[in-house]
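Shown next, in structure tokens, is the structure this report addresses.
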Amino acid sequence: MSWLLGGVYCFVLWLVFAKLRLLKLTLPIAILAASIGPSLIVALLFCAQYFHPYTEALIALQDVDPVIPQMTQPGRVTEVLIKPNTPIKAGDVLFKVDQVPYQNTVSQIESSLAQAQQGIAVAESTVTLVDATVARATADLQLATNERDRYTELLKQNAASQDEFERAVTKFEQASAAMKQANESLAQAKFSVGVSKSEVAVVEARLADAKYDLEQTTVTAPADGFVTNLQLRPGMLVGMGSGAVMSFVRDRLDDKAGVVVATFGEKNYLRIKPGQYAEVALDGYPGEILTGRVLNSIDASGMGQLTASGALPTELVDGKPSTFAVRIKLDDPELRIPAGAQGQAAVYTEDVQIVGIPIMFLIRTKSWLKYVM
């Protein structure tokens with residue numbers, strides 16, 4: 001840009017003093033022309049590149065989901081129902097895994113669940129029987145207590161023998177022991193009910209996991225989009241930490257349609273604000289300027305993040321300037337922009353707007369040069 005402006009200035013001087021001879025070139029005029037011209041060019045370039053940020057680092061991003069089977073045990077792929085780079089809808093089946101081993105696991109756990117539920121019924125019936133035993137022991141204890149108290153009074157009145165009193169006391173102690181034993185049996189029976197219910201809960205959790213594995217044998221598309229670089233084939237084993245088996249490229253939603261990301265240096269990044277007018281020149285559209293508005297700026301970069309580790313950082317700054325991302329939404333959201341498309345962008349602020357003209361000229365010139373470069 002500086003060479004271009006310098007050439008234009010020299011052409012104007014040649015036109016005025018040599019070609020048209022509008023002025024006579026004297027030493028004072030020559031000194032003045034050599035001083036003012038370059039100074040104006042430097043000032044113009046400084047204002048242009050500072051007040052109106054420009055970058056050649058622009059890229060179009062798109063959401064890509066790694067498709068990872070979630071089965072807890074490996075399964076063999078039986079069908080791949082899609083073709084690469086073909087549009088599909090959300091919910092369309094991508095591929096299927098052999099369901100037989102997972103269905104067998106579900107059936108086995110369902111049998112275990114039925115047995116565990118029968119265990120609860122048996123334990124609850126035992127509680128009912130022991131309740132009856134406790135009731136009978138309670139009645140026997142009450143009767144033995146009454147007999148002991150009666151013979152105690154009769155012994156005081158010399159109306160009963162010592163042997164009869166001791167037999168009454170013995171029956172009372174036996175009834176007390178039977179009552180204690182019945183209460184212990186009831187506690188154990190209730191504890192068995194609780195253990196049986198816990199076992200049922202554990203088996204139900206296992207069954208839920210097994211059914212989830214069975215559901216995961218049919219993998220569907222998470223959204224509208226397409227699959228690219230499809231290498232999955234029938235017969236391959238997937239699941240149990242096998243990792244991603246394909247990449248699913250989502251269609252851009254309305255809030256992301258026509259959005260590109262440009263990175264600017266921190267020198268004039270803070271002058272960029274949401275809503276400012278922007279121009280974008282994509283390499284795939286040479287000679288064409290796309291208009292848009294700044295959607296938002298991201299006030300963070302990797303340079304400002306410390307990685308969690310057990311060691312203290314030894315060096316925080318490597319001397320390289322930081323760059324910050326700015327999201328720009330184009331006015332034409334229907335424009336075809338492949339993921340990864342690159343280009344250049346310029347943001348025009350409200351300050352010294354006239355010096356944005358060199359930036360407009362620069363981005364247009366470089367866009368036209370893409371025809372030959």
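We find the CZ-CG distance between R293 and D331 to be 7.5 Å, quoted to the nearest 0.5 Å. Residue M236 holds its CE atom at 10.0 Å from CZ of F95, rounded to the nearest 0.5 Å. Between atom CG of residue D224 and atom CZ of residue F248 there is a gap of 7.0 Å, rounded to the nearest 0.5 Å. Taking CD1 of I88 as the start and OG1 of T86 as the end, the distance is 8.5 Å to the nearest 0.5 Å. Here CG of N183 is found 10.0 Å from NZ of K180. Values are rounded to the nearest 0.5 Å. A distance of 3.5 Å separates OH in Y269 from CG in D299, rounded to the nearest 0.5 Å.
Side-chain atoms of R252 come within 3.5 Å of backbone atoms of I337 as a donor-acceptor pair (strictly under, hydrogens ignored). Here the side chain of T78 pairs a donor or acceptor atom with the backbone of K96 at under 3.5 angstrom. At least one donor-acceptor pair under 3.5 Å links the side chain of Y371 to the backbone N or O of P286. No side-chain donor-acceptor contact under 3.5 Å links S367 to the backbone of I363. One N or O on the side chain of Y102 and one on the backbone of G75 form a donor-acceptor pair closer than 3.5 Å. Side-chain N or O atoms of Q62 include one that pairs as donor or acceptor with a backbone N or O of R250 at under 3.5 Å. At distances below 3.5 Å, not a single donor-acceptor pair connects side-chain atoms of D213 with backbone N or O atoms of M71. In this structure, T55 contributes its side chain and T263 its backbone to a donor-acceptor pair below 3.5 Å.
Atom CD of E110 has more than 12 neighbouring heavy atoms from other residues, nucleotides or ligands inside a 6.0 Å radius. Few gaps surround NZ on K329; more than 12 heavy atoms of other groups in view lie less than 6.0 Å from it.
Taking the side chain as every heavy atom from C-beta outward, D98 and T217 never approach each other to under 4.5 Å. Side-chain contact between K197 and E124 is present, with heavy atoms from C-beta onward closer than 4.5 Å. The closest side-chain heavy-atom distance from I82 to D92 is not below 4.5 Å. Using a 4.5 Å cut-off on side-chain heavy atoms (C-beta onward), L290 and D332 make no contact. V200 has its side chain within reach of L113: a pair of non-hydrogen atoms, C-beta onward, lies under 4.5 Å apart.
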Given side chain to side chain donor-acceptor pair (under 3.5 Å), test Q276 with E350 step by step and report yes or no. CA-CA 8 Å; Q276 290 176 335; E350 297 77 11; 3.3 Å; yes
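Hydrophobic cluster membership differs between I68 and V245, with clusters built from Ile, Leu, Val, Met, Phe, Trp and Tyr side chains linked at under 4.5 angstrom. Hydrophobic clustering, with ILVMFWY side chains joined whenever heavy atoms are under 4.5 angstrom apart, keeps Y54 apart from V326. Under the 4.5 Å side-chain heavy-atom criterion for Ile, Leu, Val, Met, Phe, Trp and Tyr, Y277 and L362 are members of the same hydrophobic cluster.
Taking both residues in full, the closest heavy atoms of K190 and V127 are given as N-CG2, 3.7 Å, listed atom of the first, atom of the second, then distance. The two atoms that bring T349 and P53 nearest to each other are CG2-CD, 4.1 Å, heavy atoms only.
S247 and N229 share no side-chain donor-acceptor pair at under 3.5 Å.
With sequence neighbours excluded, the residues satisfying salt bridge (Lys or Arg N to Asp or Glu O under 4.0 Å) with R364 are E279. Shown here are the ring pair (Phe, Tyr, Trp, His ring centres under 6.0 Å) partners of Y212, two or more places apart in sequence or in another chain: there are none. The salt bridge (Lys or Arg N to Asp or Glu O under 4.0 Å) check on K370 picks up D283, with sequence neighbours excluded.
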